[in-house]
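Predicted, not measured: the structure shown is a model, and the values here were computed from it. The basis for the numbers below is simple: all heavy atoms, side chains too, and nothing from hydrogens, waters or symmetry mates. So you know, we letter chains A, B, ... as the sequences are listed, proteins then strands, and number each from 1.
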Protein chains: 2
Amino acid sequence: MDTIEGAGDALPADVLNPNCPSRVIFQRIGDKWASLVVQVLADGPVRFSDLRKMVSVVTPKVLTQTLRSLERDGLVTRTIHAQVPPRVDYELTELGRSLLEPLAQLRQWAESHVPAILAARDAYDDAQDEALLG
Amino acid sequence: MDTIEGAGDALPADVLNPNCPSRVIFQRIGDKWASLVVQVLADGPVRFSDLRKMVSVVTPKVLTQTLRSLERDGLVTRTIHAQVPPRVDYELTELGRSLLEPLAQLRQWAESHVPAILAARDAYDDAQDEALLG
DNA sequence: AAAGACGGTATCTATTTGATACTGATAGCT
DNA sequence: AGCTATCAGTATCAAATAGATACCGTCTTT
């Protein structure tokens with residue numbers, strides 16, 4: 001397989017090509033809200049208003065955008081129930097569910113390394129302050 | 001542990017709290033360029049200009065921003081060599097290296113599911129077009 | 001008749017990202 | 001001496017994205 005010079009063999013050249021599909025997908029996973037929504041849907045269908053409560057502080061516009069793109073990518077289904085008041089359920093597809101495991105591992109990493117990262121931030125910011133104040 | 005009502009027990013309430021540290025970290029991981037840079041640094045130190053070539057299309061400003069925040073979070077070190085022309089090497093810290101594994105798994109997922117996602121996109125877009133054209 | 005639940009959309013502003021041009025130090029060439 | 005190139009970034013401005021806030025239509029309940 002082709003590799004980028006200097007990058008070693010671990011990373012296929014593809015990932016670095018801006019037109020490469022896996023890069024596109026990596027950006028979807030990296031979307032600010034998408035991975036959070038996926039995890040919230042882990043246990044079954046959730047309706048729009050409940051999603052808003054669970055993924056607090058997200059505005060309805062942005063939540064809609066997020067859900068639309070997840071739907072477009074086949075990770076989530078949207079089901080309208082003909083009721084009043086309306087009920088729209090969002091649910092993970094098989095594909096969406098398959099994403100839960102790698103996401104959970106990433107979350108695990110995050111949770112176990114939060115202290116180290118926050119400590120690093122504090123140290124860095126302190127150093128910056130000192131440099132500014134002389 | 002506290003959980004959000006309706007979310008099941010798999011997801012701790014913390015992750016949904018906007019002030020929760022793990023959410024902050026999740027956004028860093030989800031940063032558009034950060035995870036890419038980390039993976040490019042997997043095999044050892046890389047200098048700024050090489051990073052630009054490898055993570056193609058990223059502008060120097062954005063690359064600098066990305067590197068600064070990775071440095072702040074203790075994932076990357078920045079070493080200036082007193083040379084001319086200047087040489088600045090970026091290298092993963094132990095903490096940064098520990099992120100490689102979960103990232104690799106995510107990438108693996110991405111690569112093996114690209115076809116399904118692209119197919120879903122095409123189908124979705126076709127359906128949209130049809131709806132518009134009547 | 002009035003108010004509320006629900007799933008959004010519309011509009012406007014603030015923040016982030018990106019394109020492009022440029023800087024300062026020095027080395028090597030002519 | 002003057003010209004050009006390398007390198008690691010900044011500066012400046014435009015474009016895309018995220019976010020705050022207000023509003024809509026349908027129906028039910030009070």
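- Put simply, CD1 on A:Ile80 is 7 Å from P on C:dG8, counting in whole angstrom units.
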- Task: Just do the side-chain contact (heavy atoms from CB on, under 4.5 Å) check on A:Leu41 and A:Leu51 with the steps written out, would you?
- Result: CA-CA 9 Å; A:Leu41 294 178; A:Leu51 268 174; 4.1 Å; yes
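- Between B:Asp31 atom CG and C:dT17 atom P there is a gap of 6 Å when expressed in whole angstrom units.
- Salt bridge absent: B:Asp50 and B:Arg52 never bring a charged side-chain N and a carboxylate O closer than 4.0 Å.
- Distance A:Lys61 NZ to C:dT11 C1': 9 Å, rounded to the nearest Å.
- Following rounding to the nearest Å, A:Met54 (CE) and C:dG7 (P) show an atom-to-atom distance of 14 Å.
- Proximity note for A:Val62 (side chain, C-beta onward) versus D:dG19, D:dG9, D:dC27: the nearest is D:dG19.
- Closest to the side chain of A:Thr59, from the set D:dA20, C:dG7, D:dC7, is D:dA20.
- B:Lys32 comes within 4.0 angstrom of the backbone, heavy atoms only, and of no base.
- A straight line from CZ of A:Phe48 to P of C:dA5 spans 16 Å, rounded to a whole angstrom.
- Rounded to an integer number of Å, the gap from A:Leu36 CG to D:dA18 P is 14 Å.
- If you check D:dA8, C:dC6, D:dG19 against the side chain of A:Trp33, the one that comes closest is D:dG19.
- In this entry the distance linking CD of A:Gln83 with P of C:dG8 reads 13 Å, nearest Å.
- The minimum heavy-atom distance between B:Val40 and B:Val46, with the atom names listed, is O-CG2, 4.2 Å.
- Regarding contacts with the backbone of D:dG9, a side-chain N or O of B:Arg78 is found under 4.0 angstrom from either OP1 or OP2.
- Closest approach of B:Ser35 and B:Leu103 over heavy atoms only: O-CD2, 3.8 Å.
- The side chain of B:Ser49 sits closest to D:dC7 out of C:dT20, D:dC7, D:dT21.
- When heavy atoms are screened at a 4.0 angstrom cut-off, B:Arg68 is found touching the sugar-phosphate backbone but no base atom.
- Proximity note for A:Thr64 (side chain, C-beta onward) versus D:dA8, C:dT9, C:dG18: the nearest is C:dT9.
- B:Arg52 comes within contact range of no nucleotide atom at all, as no heavy-atom separation falls under 4.0 Å.
- Using a 4.0 Å cut-off between charged nitrogen and carboxylate oxygen, A:Arg72 and B:Asp125 count as a salt-bridge pair.
- For A:Asp50 and C:dG8, the CG to P distance is 13 Å, given to the nearest whole Å.
- Contact check, A:Arg87 against C:dG7: no side-chain N or O comes under 4.0 Å of OP1 or OP2.
- Looking at which nucleotide of DNA chain C each of B:Pro60 and B:Gln65 is closest to, the 5′-most match is held by B:Gln65.
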